[in-house]
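Here the structure comes first, spelled out in structure tokens, and everything after it is commentary.
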Amino acid sequence: MTVLRTSLRNFFAHKGRMALSAVAVLLSVAFVCGTLVFTDTMNTTFDKLFQATSSDVKVTAKGSSDTGETTSRTGRPPVLPASVVGEIRKVQGVKAAEGTVFSTSVTVVDRDLDKLSPTSGAPTIVGSWNGNDARTMKITSGAAPHGSGQIMVDADTAKKHHLKLGDDIGVITALGTHHARVSGIATFTVTNPGAAIFYLDTRTAQQTLVGRTGVYTDVNVTAAKGVTDARLKKNVSAELGRGYQVQTAKEVADANQKSVESFLNVMKYAMLGFAGIAFLVGIFLIINTFSMLVAQRTREIGLMRAIGSSRRQVNRSVLIEALLLGVIGSVLGVGAGVGIAVGLMKLMGQVGMHLSTDDLTVAWTTPVLGLLLGVVVTVLAAYLPARRAGKVSPMAALRDAHAPADARAGVVRAVVGLVLTGAGGASLYAAATADKAKAGSSLLGLGVVLTLIGFVVIGPLLAGGLVRVLGAVLLRAFGPVGRMAERNALRNPRRTGATGAALMIGLALVACLSVVGSSMVASATDQLDKTVGTDFIVMSDRGEVITPQAVRAVKDTPGLARVTEYRPTVADFTTPDGRTLKDTDITAADPSYATDLRKKTVAGDLKDAYLPDSMSVHEKFAKAHGIHLGSKITVAFRDGATAHLTVRAITSSDEVIDQGAKYTSLATLAKYVPAGKMPLDQIVFASARDGQQDTAYKALKSALHKYPQYTVRDQTDYKQALKDQIGQLLNMIYGLLALAIIVAVLGVVNTLALSVVERTREIGLMRAIGLSRRQLRRMIRLESVVIAVFGALLGLGLGMGWGATAQRLLALSGFDVLDIPWPTIIGVFVASAFVGLFAALIPAFRAGRMNVLNAIATE
């Protein structure tokens, strides 16, 4: 009980000094719990949605996916004959059966040809209004569609795009554009998944989405009373035979949920990874806090030892303080985590996915995990300072000094740090020179971990050297105040090293990802310049196929020298080694594609792959299956006949653009696939006549103005789009890394605040001999800037090393240009100095307000 009372007294006596460490624990735990609550809530929401929208049994065509997605290479969903509905109604156990039509291979526009698709990446769905949808949608304005001139829209889409009754809407499919006016607005009675949903009547939906009546994409079957879904499925399957896909409501819901979970899991584990980084940074903050508190209480601990306290009791006292810190920070963190989850739900609402707080899901494991993580991490971080406290001797009470540094421990630390750093450097070198990406990735991971730990361990040694250099460069201009700031930073290299290491971790990751992202853009841009011989690229950013009408509009554009069609499809391959490869990609294109994309070949000429009954494969595929020039591959085209194609060219596998592609000609594809089942173009390439690039570009954009689902880009536009995509991803990652950097800034603040307390008497003496408040504040700010810049130098240097190594691995996949984004690196370095200034504001202000006499009298 005495140990507990002592711990409580010390904890509350230094509650101000503990606050920032508690905030670090709070933030880390909050991020973990917020991520878990948010993803659990998303799962609960979609569970309810899928259960509410699923009929007892669903029947679809055999080619449909489990989740009901209808995107296909022909732009039309797979269908089943309307006669199936009559057959199903006769099946024992069926109460009702209703045929429906829907498709996601659509673009919907307003009268100004502005897209009405969600910006969140959710699908645009056009379908027939049916009884199953009426269970989850309530018509709140107007009426359901009747006749070809009417369409109904969901309320969220109507609100976002300011649609009202009577507005003209165009539904663009592979068959053309259908115009209708808004007849009604329907509101979700369950969570809106973020999709934009439009309803036509059944006959209009059939003609618009499929091109003919008498067919459906789905049949929703309702079970009679007392008939289970499993029994109903069995009865329906027996009646229809094997040509159809029959699923119970649970199977459909599970398939949809699995699709959602795969995305949510990626997001969850990515966010938890960044929370782990924040925890790692928080460890340094906690170690620093307790190390400084132990140092400041050396005399007090010595007295406790002199009056009979054992090493174990002193050790336990410090660990109890850490336990209290961990519990308080974790409890607050769990509560804050729920708040973060609600905030994320509100954010999702801004992009169209309205999540109800009624579905807020806080599993019992979430607070338990948060508490466990927060407490365990805090106690483990405090173990070394607690062990150091236990080693304080009773004689320390007779000395007015802090615990002496252990010189031997410092030597051991330096040796261990150098060994770890050297081993990490060797691993990074081995990764950079690896021949295979898989082996190199393992070495890269090992090198990152070892160099990170090595830099952390060797931090105090590096601090001694780098701070002197930084002092000479940055601080000498400030005269005596600058020299004092330098000496304060050098006074305790271990503390400076640990504080700088906390900032180092976040900035190392920022630098690494910046180098990787910039190198990927530079590599792709370089290959575009070297290999792409076309001027313009026409494609849909949402993956929609290009209609024959749009292709004709491209071909009729004046000023173009050639137009190349590009149609990916799938087939079953039987290779010379006797293996059959199901659903293997093969790309059919015009022979001019060999000019539009100058692919490097290792054997043969790519132009020959476009000869009749010919094809090309890439080098890795050829080696894996014993293929050489002249080899025959049996290709069974989907929805077509089987061909025996001769390999006329083998392309390099190291190029980024169209990596791993296998080519044949459109004429060969047309020979074996009926015209009605031919895949449509995914991309169309166009090249202008010499000297007419600008004119042709404007003419092409004008020709495709009435096809808003497609984007026309020249090479400059394409490079910018690639850069923007990678930039958006990096910005999101930087945003997540900001949590770790915030915790690191708190570490700098805490270190300075405790350092000011530690130097109270010294500050009083300096003020007494003439140091002004302004000079004192400047000294503390400069010390903070040096610590921050020290951490930035370590982090940026380490991160660029990691990034350069990662780029060498990417070079094995064709990304062979190393590009250091110096503006980003320099910007982060300069920003770190401002971070130091910001972190010093409160400690410097408090130091400046000290009473001189009271400060001098402090022991």
Side-chain angles (χ1 to χ4, degrees), residues 73 437 519-541 543-546 551 562-571 573 581 583-611 614-625 627 633 635 637 645 647-666 668-669 679-687 710-711 713-715 717-719 721-723 725-726 810-817:
R73 298 182 191 273
S519 297
M520 289 178 69
V521 171
S523 298
T525 300
D526 181 66
Q527 288 215 11
L528 277 169
D529 291 335
K530 290 179 179 177
T531 62
V532 176
T534 188
D535 294 318
F536 313 117
I537 301 169
V538 180
M539 61 186 296
S540 165
D541 292 336
E544 295 173 42
V545 294
I546 301 178
V551 175
R562 67 175 183 274
V563 173
T564 302
E565 298 182 53
Y566 179 98
R567 302 184 183 186
T569 187
V570 293
F573 281 31
L581 310 172
D583 296 332
T584 303
D585 292 329
I586 184 170
T587 300
D590 287 316
S592 54
Y593 188 61
T595 303
D596 291 328
L597 185 66
R598 297 182 287 267
K599 294 278 286 186
K600 184 169 66 177
T601 59
V602 296
D605 190 331
L606 187 56
K607 291 182 179 179
D608 294 338
Y610 297 99
L611 295 172
S614 300
M615 67 177 296
S616 73
V617 297
H618 61 94
E619 186 179 11
K620 290 181 180 178
F621 187 84
K623 288 181 178 179
H625 300 285
I627 298 170
I633 297 179
V635 180
F637 290 102
L645 305 184
V647 175
R648 303 287 186 188
I650 299 175
T651 59
S652 171
S653 299
D654 295 334
E655 295 175 307
V656 175
I657 301 172
D658 257 8
Q659 190 176 70
K662 308 168 203 57
Y663 300 110
T664 191
S665 67
L666 285 174
T668 297
L669 182 65
L680 298 182
D681 293 301
Q682 187 179 68
I683 307 175
V684 172
F685 301 93
S687 294
Y710 310 126
T711 303
R713 293 187 176 95
D714 60 12
Q715 288 199 29
D717 295 335
Y718 196 81
K719 292 172 187 176
L722 181 67
K723 185 177 180 179
Q725 288 176 359
I726 294 178
L810 289 173
L812 299 176
S813 299
F815 295 93
D816 53 2
V817 177

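- Between the side chains of Thr601 and Thr651, no donor-acceptor pair of N or O atoms lies under 3.5 Å.
- In this structure, a donor-acceptor pair under 3.5 Å is present between the side chains of Asp658 and Tyr663.
- Counting only distance, with no hydrogens or angles, the side chain of Ser523 and the backbone of Val817 share a donor-acceptor pair below 3.5 Å.
- Residues Asp529 and Gln715 are in side-chain contact: their nearest non-hydrogen atoms beyond the backbone lie under 4.5 Å apart.
- Here the CD atom belonging to Glu544 is positioned 11.5 Å from the CG atom belonging to Leu680, to the nearest 0.5 angstrom.
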Apply side-chain contact (heavy atoms from CB on, under 4.5 Å) to the pair Ile657 and Val532, showing each step before the final yes or no. CA-CA 9 Å; Ile657 301 172; Val532 176; 3.9 Å; yes
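- Here the side chains of Thr531 and Lys599 are not in contact, with every heavy-atom distance at 4.5 Å or above.
- Residues Asp714 and Lys719 are not paired through a salt bridge, judged by the lack of any N-O separation under 4.0 Å between the basic side chain and the carboxylate.
- For the pair Val617 and His625, the minimum side-chain heavy-atom distance is 4.5 Å or more.
- For the residue pair Thr668 and Ser665, a side-chain donor N or O sits within less than 3.5 Å of a side-chain acceptor on the partner.
- In terms of heavy atoms, Ser540 sits closest to Tyr710 at CB-CD2, 4.0 Å.
- Considering CE of Met539 and OG1 of Thr711, their distance stands at 8.5 Å, rounded to 0.5 Å.
- What you find for Gly533 and Arg562 is that their closest heavy atoms are O-NH2, 3.2 Å.
- No side-chain heavy atom of Val545 sits less than 4.5 Å from a side-chain heavy atom of Asp681.
- Atom NZ of Lys607 has 12 or fewer neighbouring heavy atoms from other residues, nucleotides or ligands inside a 6.0 Å radius.
- If you take CD1 on Ile683 and OG1 on Thr534, they are separated by 10.5 Å, rounding to the nearest 0.5 Å.
- Not counting sequence neighbours, the partners of Glu565 by the side-chain hydrogen bond (donor to acceptor under 3.5 Å, both in side chains) test are Lys555, Arg567.
- Side-chain contact between Thr569 and Leu669 is present, with heavy atoms from C-beta onward closer than 4.5 Å.
- Comment: Glu655 does not engage Lys600 in a salt bridge, judged by the lack of any side-chain N to carboxylate O separation of less than 4.0 angstrom.
- Residues Thr564 and Asp596 bring a donor and an acceptor atom of their side chains to less than 3.5 Å of each other.
- Atom CG in Leu812 sits 12.5 Å away from atom OG in Ser653 (nearest 0.5 Å).
- Although no hydrogens or angles enter the test, the distance criterion places no donor-acceptor pair under 3.5 Å between the side chain of Arg648 and the main chain of Gly604.
- Taking 4.5 Å as the limit, every side-chain heavy atom of Thr587 sits out of range of all side-chain heavy atoms of Gln682.
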Open item on the list: If you apply the rule salt bridge (Lys or Arg N to Asp or Glu O under 4.0 Å), what do you find for Asp541 with Arg713, and how did you get there?
Closed with: CA-CA 11 Å; Asp541 292 336; Arg713 293 187 176 95; 3.1 Å; yes
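- A donor-acceptor pair under 3.5 Å links the side-chain atoms of Gln659 to the main chain of Ser813, judged by distance alone.
- The backbone N or O of Ser614 sits less than 3.5 Å from a side-chain atom of Thr664, completing a donor-acceptor pair.
- In this structure the side chain of Phe621 reaches within 4.5 angstrom of the side chain of Phe573, judged on heavy atoms.
- Two residues are said to be in side-chain contact when any heavy atoms from C-beta on lie closer than 4.5 Å; Ile633 and Ile627 meet this criterion.
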Next item on the list: Give the intermediate values and the outcome of ring-ring contact (aromatic ring centres under 6.0 Å, His included) for residues Tyr593 and Phe685.
Entry: CA-CA 8 Å; Tyr593 188 61; Phe685 301 93; 5.4 Å; yes
